[in-house]
Amino acid sequence: MLLWQRRKHLDNLAPPVELEGTMPELPEVESLSLALKEVLGSGRKILRTLVFDSKLGSLDRLAGDTLYRPERIGKGLYFPLAGGDFLQVHLRMTGRLLHHSLSREFLRYERLRLEFEEGVLSLLDPRRFATVMVVETIPQRRALDIVKDQVTAEELWERGLRKGTTIKSFLLDQSILAGIGNIYASEILHRAGIDPRRAVSSLSLTEWKAILNSASAILGLAISCRGTTISDWRDLFGRPGGYQRYLKVYGREGKPCFRCGQLLKRLKIGGRSTYFCQVCQK
DNA sequence: CCCTATGTTCCCAA
DNA sequence: CTTGGGAACATAGG
């Protein structure tokens, strides 16, 4: 409300248009990245920048610069700028990007708008956790990315031997494996038949191969579905994703396992809800 | 009022 | 040094 009033003071746009928020993991951010590559082509000049939330800091220097197709690193997006810097975007819990042509309407939860000769790129974020900043370099030391890199079971097994945590927490550790979030971690372990409470150091090489196969299949399918829409995820053009119909355990506490019929359990691991089947996952 | 939430960071304790 | 717990960020929905 405050944002809208401030916005209204700045410019003379129509009242807010209602649009929902999001919550992106690797497949969702990858879907945005692929769509942005189409939209931005070989680079698009930013005609005007509108910042509606002072939490984002000053992004004035973007106006007049050229925005190029982004690279996804983990759950983050890095857009090269003509000047050699990068625009770093992380959507956190509820951030969302929308490409549209509603040049005169202020969108609900809109925090940032980049205007191009054709179209508008907006950041929408109800909870205002998303971060946008201009940085000089992209991260050099990178975590392993199951979609972009040739990750082997051997290297994960070896990394896991030295850790004193659970496989669930290990999969969510962004400094080791980039991009896996809370939904896909539960799904990956169910498909692999691994109990999320297992000590990561106890996993065999064979079990790691199962986890890696599971992760590749699930993340790949989720990308081709343009992500998972449980409540309100939408892609760059406002369309829902399709992976929700493939979810086997996430959000299904007390419902029967599709594989064995056992009622699914939920517990907290590392402070996050974790869904699994006591029978299928050992 | 209670609880939950697809993420990350920070402080503190074991 | 590591790990986990809890709080924080801020808002909506059940």
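Note on naming: letters A, B, ... go to the chains in the order of the sequence lines (proteins, then strands), and numbering restarts at 1 for each one.
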- Is a salt bridge present between A/Arg197 and A/Asp195, judged by a nitrogen-to-oxygen distance below 4.0 Å?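 Looking at A/Asp195 together with A/Arg197, the answer is yes, because their closest N to O distance falls below 4.0 Å.
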- State whether the side chain of A/Asp235 and the backbone N or O of A/Arg239 hold a donor-acceptor pair below 3.5 Å, judged by distance alone.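 Checking the backbone N and O of A/Arg239 against the side chain of A/Asp235, a donor-acceptor pair under 3.5 Å is found.
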Does [N] have its OP1 or OP2 closer than 4.0 Å to a side-chain nitrogen or oxygen of [X]?
{"X": "A/Thr94", "N": "B/dA5", "answer": "no"}
{"X": "A/His90", "N": "B/dG7", "answer": "no"}
{"X": "A/Lys163", "N": "C/dT2", "answer": "no"}
{"X": "A/Tyr109", "N": "C/dA10", "answer": "no"}
{"X": "A/Arg272", "N": "B/dT6", "answer": "yes"}
{"X": "A/Arg128", "N": "C/dT11", "answer": "yes"}
{"X": "A/Lys268", "N": "C/dG4", "answer": "no"}

[X] [atom1] to [N] [atom2]: how many Å, rounded?
{"X": "A/Lys168", "N": "C/dG4", "atom1": "NZ", "atom2": "P", "answer": "11 Å"}
{"X": "A/Arg108", "N": "C/dG13", "atom1": "CZ", "atom2": "P", "answer": "7 Å"}
{"X": "A/Arg162", "N": "C/dC1", "atom1": "CZ", "atom2": "C1'", "answer": "13 Å"}
{"X": "A/Leu171", "N": "B/dG7", "atom1": "CG", "atom2": "P", "answer": "13 Å"}
{"X": "A/Lys248", "N": "B/dT6", "atom1": "NZ", "atom2": "P", "answer": "20 Å"}
{"X": "A/Arg234", "N": "B/dT6", "atom1": "CZ", "atom2": "C1'", "answer": "14 Å"}
{"X": "A/Ile230", "N": "B/dT4", "atom1": "CD1", "atom2": "C1'", "answer": "13 Å"}
{"X": "A/Arg92", "N": "C/dC9", "atom1": "CZ", "atom2": "P", "answer": "14 Å"}

- In terms of side-chain heavy atoms of A/Tyr250, which of B/dA5, B/dT8, C/dT11 is nearest?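 Closest of the options to the side chain of A/Tyr250: B/dA5.
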- Message: Just to be sure I understand the rule, does A/Ser273 reach a base, reach only the sugar-phosphate, or reach nothing, if contact means heavy atoms closer than 4.0 Å?
- Response: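 Sugar-phosphate contact only.
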- Message: Applying a 4.0 Å non-hydrogen cut-off, can you work out what A/Leu172 is touching in the nucleic acid: base, sugar-phosphate, or nothing?
- Response: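 The answer is nothing, as A/Leu172 stays clear of every strand by at least 4.0 Å.
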- Message: Is there, by distance only and without an angle test, a donor paired with an acceptor across the side chain of A/Arg127 and the base of C/dA12 below 3.5 Å?
- Response: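 Result: no qualifying N/O pair found.
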For [N] and [M], measure between their [atom1] atoms and round to the nearest Å.
{"N": "B/dC1", "M": "C/dC9", "atom1": "C1'", "answer": "22 Å"}
{"N": "C/dA12", "M": "B/dT8", "atom1": "P", "answer": "22 Å"}
{"N": "B/dT6", "M": "C/dT3", "atom1": "C1'", "answer": "24 Å"}
{"N": "C/dA7", "M": "B/dC2", "atom1": "P", "answer": "13 Å"}

- Query: What pair of heavy atoms forms the shortest contact from A/Thr94 to A/Pro126, and how long is it?
  - Reply: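 So the two residues come closest at O-CD, 3.4 Å.
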- Message: Under 6.0 Å between ring centres: does that hold for A/Tyr184 and A/Tyr243?
- Response: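 Ring-ring flag for A/Tyr184/A/Tyr243: true, centres closer than 6.0 Å.
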- Is the distance between the ring centroids of A/Trp157 and A/Phe170 less than 6.0 Å?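 Ring centres of A/Phe170 and A/Trp157 not closer than 6.0 Å.
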- Query: Got a second to check how far A/Tyr109's OH is from A/Arg127's CZ, nearest 0.5 Å?
  - Reply: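 Spacing of OH (A/Tyr109) from CZ (A/Arg127) equals 11.5 Å.
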- Item | cation_pi(A/Arg252, A/Phe258) dist<6.0 Å, angle<=45 |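 The answer is yes; both the distance and angle limits are met.
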- Those residues of residues 177-189 of chain A lying under 4.0 Å from DNA chain B by at least one heavy atom: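 Residues of residues 177-189 of chain A under 4.0 Å from DNA chain B: A/Gly181, A/Asn182, A/Ile183.
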- Message: Going by centres under 5.5 angstrom and planes under 30 degrees, do the aromatic ring of A/Phe129 and the base ring of B/dG7 stack?
- Response: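 Stacking between A/Phe129 and B/dG7: present.
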- Is it true that A/Tyr78 and A/Val89 fall in one hydrophobic cluster, defined by side-chain heavy atoms closer than 4.5 Å?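 Shared cluster, no.
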- Going hydrophobic residue to hydrophobic residue with side-chain gaps under 4.5 angstrom, can you get from A/Leu67 over to A/Leu97?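 In one cluster with A/Leu67: A/Leu97, yes.
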- Item | Intra- and inter-strand pairs of DNA chain C in dot-bracket (Watson-Crick or G-U wobble, both distances under 3.5 Å; | for another strand) | .||||||||.||||
- Message: In the structure I gave you, are the side-chain heavy atoms of A/Phe52 and A/Arg113 within less than 4.5 Å of one another anywhere?
- Response: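 Side-chain contact under 4.5 Å: yes.
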- Query: Considering the options A/Glu28, A/Glu30, A/Glu25, which one meets the salt bridge (Lys or Arg N to Asp or Glu O under 4.0 Å) requirement together with A/Arg72?
  - Reply: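 One option only clears the test, and that one is A/Glu30.
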